[in-house]
Each structure stands twice: as structure tokens, then as C-alpha cells.
Amino acid sequence: MKSDHEIEACILHLRRFAMALTRNVDHADDLVQDTVERALSRWTLRKPGLPLRPWLFAILRNIHISGHRKAVRMVTDHGVDVDHLHSGDAAAEGKMELKQVLQMLSALPDDQRMAILLVSVEGFSYAEASMIMEIPVGTLMSRLNRARKKLRELVETPPAQRLRRVK
Amino acid sequence: MQKTRPVGEDDLTAYVDGEMAEDRRALVEKWLEDHPDAKRRVQQDIEIRDTLHDTLAPLADVPLPERFRVENVRASLRRENLFGLRRMAAVVALIAIGGAGGWFLRGNATAPTGAPTEIDQALAAYRVYVPEKLHPVEVSADARDHLGVWLGKRIGSPISIPDLTSQGLELVGGRLLPGTDGPAGQLMYQAADGSRVTLYLERGRGSESAFVFSRKGKVGALAWRSPELNFVLAGEMGRESLMRIAHVIYPVHL
């Protein structure tokens, strides 16, 4: 079917978003699986003219926040399984960077992490991101703001110091 | 030149994301020249944005895993639906044997016979509040955002209030109700001719259903379930008209 290709074109983006959101590849794959299943079962109910990519992201977000995933694996914090996450042939340097970035992101609350990922990584406009998150644009912007403030702090504070501050 | 808004926090955010009209952008750039601290901050934000993008974007540069071929997902869905149908058939048989007029949706056959369903609750509330002239709602549409947050909190599942203006329905407001199992919410909408439609919402139990239409006197009710929320749309209209409205509500609450 024609729609199959359209969906498949979005799946790797959904998966990337889910990985950065959950920092766990199994979790992310389950989330994507549930998203695609739900999208297929509601395909005919889709509002005509609603663009596919934001619609799929909105479904994924809904499943993620509702915690109603079918296959719920309790992952508290196993840390980041970067080797598993990474595409494989990338250099060790890239892995380090990915690990650092994911760790920085994990310092953000879920809603802020989602906002910054949708805008900065997935390239959604403010209008699309606020539709996906079901919030007004103003709220989205203040989430982006808070997320960036926190990320700036993390960049400015070397890890060792951060550790000491926690103690 | 007309009076322009001073540069604020939102401008700096929008600047980083390139969400800004050209003239405003020029203004912000000029302003940044005079505010080195803010300029440093914006530069840092841009660096962070680029780092996030450059580091995370390649996560999608892998071949599509087999399990995510839509064909395969569809096949696994078919297997599940078959299972669901079998379950539903069992429920139907149960009702037939019991001779009870119980109303069940797929997946939740545990309700004791005779216990009120969400459709009963929704229609009871419809009958009480729709004719009400003075206080049809508890929280009026002026406080729409508050209403959504508050009802979502009380129901125990976040909701967003559907905009039905495309269907000629203006939000009147909403109220909290007793549901079948805990708090429920009723949103009320009104058409130009004064006729009203209500949307009843209560926390879902993880199961999903198709649309189910029923009728009591003049009032039609269209019910469906998502894992997060159970919905009942009620109004003095037929199945087709309710379906049209439901299709507007549905994509919001995926």
C-alpha cells in the first residue's frame, strides 16, 4: 500500500525520538511498535489532511506519557546502553559524545526533554511541536527555555564538580 | 516606524530555533550587539542545539528493522485482533446466556451485571444538565485551560478539550461528575440554535474499542474507549451526526 511507505519513512525518526526519550533501545522499540499498531488501527479515523509525521509523533507521545504500553518493561535506570544504541560502525569518539548528550538530556524533566528533541533534533516547527505535545506555543517556548537553561548549566559545570555538588 | 515590543526571553528562544520573521530577527540581532551577555547565551544555545542534532540525528541512519516493516506490524495486529474477536464472541455469548441487557465493550467483561456503564452515567448527566438554564456547567469556557488541567487531574488521565467550532459547536464549559469507577468529566457544547451536545470522559482501563452507538428516547450516544480514556458523546442526533463530531475529537485524543 502507498501509505505503508509513508509510515515506514517516519519509523526511523520515531525510533530515534523514542531512544532519546527513553534512553533504552528495547523500550524505544516497544514504543514504536505500539505507535505503528495504533496508527494502523486508526488509519481510517485520521482527520483528512492531517500531516502524517506529526500525527505519528503525537501518537507516540500519547502512548509514552500514558504509560499504557502493552509490553511494559520496568526499566528504572540501567544507565545508557550506548553500545546497543549506536548504529555500530561509528568511532569511539562518537559513542562518548552520544553518551554525554544522553546523560545531559536525562537531567531534564520529561516534558522539557520532549520539547527540545522535537524542535532541535526532529526539526518540527513550534506549531507542529505544540500540536504534538498538546500545549500552546507559549508553553512550548517556556519549556525550551528551561531546558536550555539547564543544558547551559551542565555544559558549564565539569562533571567532577557536578558530582561534588550532589554529595 | 511603529512601536516595537522590547526584545525578551521568547525572542531569544525563537532566535535560536529560527522561528522568527525577518524584520524581528534583524531587530534581535541588533539588540544582541548591545547585550554581550545575552549574545553569549544565544551562541551557547545554538552550539547546544547543533550538538544535540549532530549527535542524535545519526541514530536514524540504520536500516529499517524487519519488525517495523508495516506489513509485519499489520500481520501481528491481525493476530491480535483475531484474539480480541474471540474474546468479544465469548462476552456476547455470556450476555446471551445470562439474558442480561448488560452493555460491554471489548476487553472489560468483568463488570457485574446491572452495574451502570459509562453510557448510563453519561446519559444520566446529560438529562440533568443539558436542560439547565442557570448553571449548565461548573467551570465556564472562559477558563478553558484551567478546566482541561483540572478535569484531567481529577479523572486521572490528561485530557485536552476538543475544539468543535468546525462542527458549529461552541464550548459552554464542563463539570466533574461521579463516573462508573471514580471521577468523570462532562464537557458541554452548544450550537447556534441552542441545542447541546455533551462529551463524557472518564479514565480508561487500558482497553480499546470501536465506536458503539446506542439511543435512549431522542438522545443518541456514541461511545468508544482508548487505553487512557473512555468517551461518550451524547446529543439529540443520529449516529452519522455523532460520528462526524467524534472524528474531530478522535485525532486530538489519539
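Only this structure's heavy atoms are used, side chains among them; waters, hydrogens and symmetry mates stay out. Chain identifiers are assigned alphabetically (A, B, ...) following the order of the sequence lines, protein sequences preceding nucleic acid strands; residue numbering begins at 1 within each chain.
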How about [X] and [Y]: does a side-chain donor come under 3.5 Å of a side-chain acceptor?
X        : Y        : value
B:Asp163 : B:Thr165 : yes
A:Gln33  : A:Glu37  : yes
B:Tyr200 : B:Glu202 : yes
B:Thr180 : B:Arg205 : yes

Proximity breakdown for [X] and chain A, heavy-atom pairs closer than 4.5 Å:
X        : value
B:Ser157 : neither
B:Glu19  : side chain
B:Ile48  : side chain

Checklist entry - Just wondering, more than 12 heavy atoms not from B:Arg154 lying within 6.0 Å of its CZ? => result no
Shorter than 4.5 Å, heavy atoms on both sides: which option in [options] has the most such pairs with chain A?
options                            : answer
B:Val16, B:Thr51, B:Asp145         : B:Val16
B:Glu47, B:Gln44, B:Arg69, B:Arg49 : B:Gln44
B:Thr13, B:Asp50, B:Asp54          : B:Thr13
B:His53, B:Glu71, B:Arg41          : B:Arg41

Next on the checklist: If you apply the rule salt bridge (Lys or Arg N to Asp or Glu O under 4.0 Å), what do you find for B:Lys39 with B:Glu33, and how did you get there?
Outcome noted: CA-CA 7 Å; B:Lys39 191 177 178 181; B:Glu33 288 309 316; 3.0 Å; yes
Checklist entry - Hey, what's the ring geometry for B:Phe211 with B:Trp224, parallel, tilted or perpendicular (30° and 60° as the breaks)? => result perpendicular
Checklist entry - Between A:Ile135, A:Val32, A:Val36, A:Asn145, which has the largest tally of heavy atom pairs under 4.5 Å with chain B? => result A:Asn145
Can you say whether [X] sits under 4.5 Å from chain B via the side chain, the backbone, both, or neither, judging by heavy atoms?
X        : result
A:Ser125 : both
A:Leu117 : side chain
A:Arg15  : side chain

Checklist outcome for this item: Given the options B:Asp181, B:Val232, B:Leu201, B:Glu118 meets side chain to side chain contact (heavy atoms under 4.5 Å, CB included) only with B:Val232
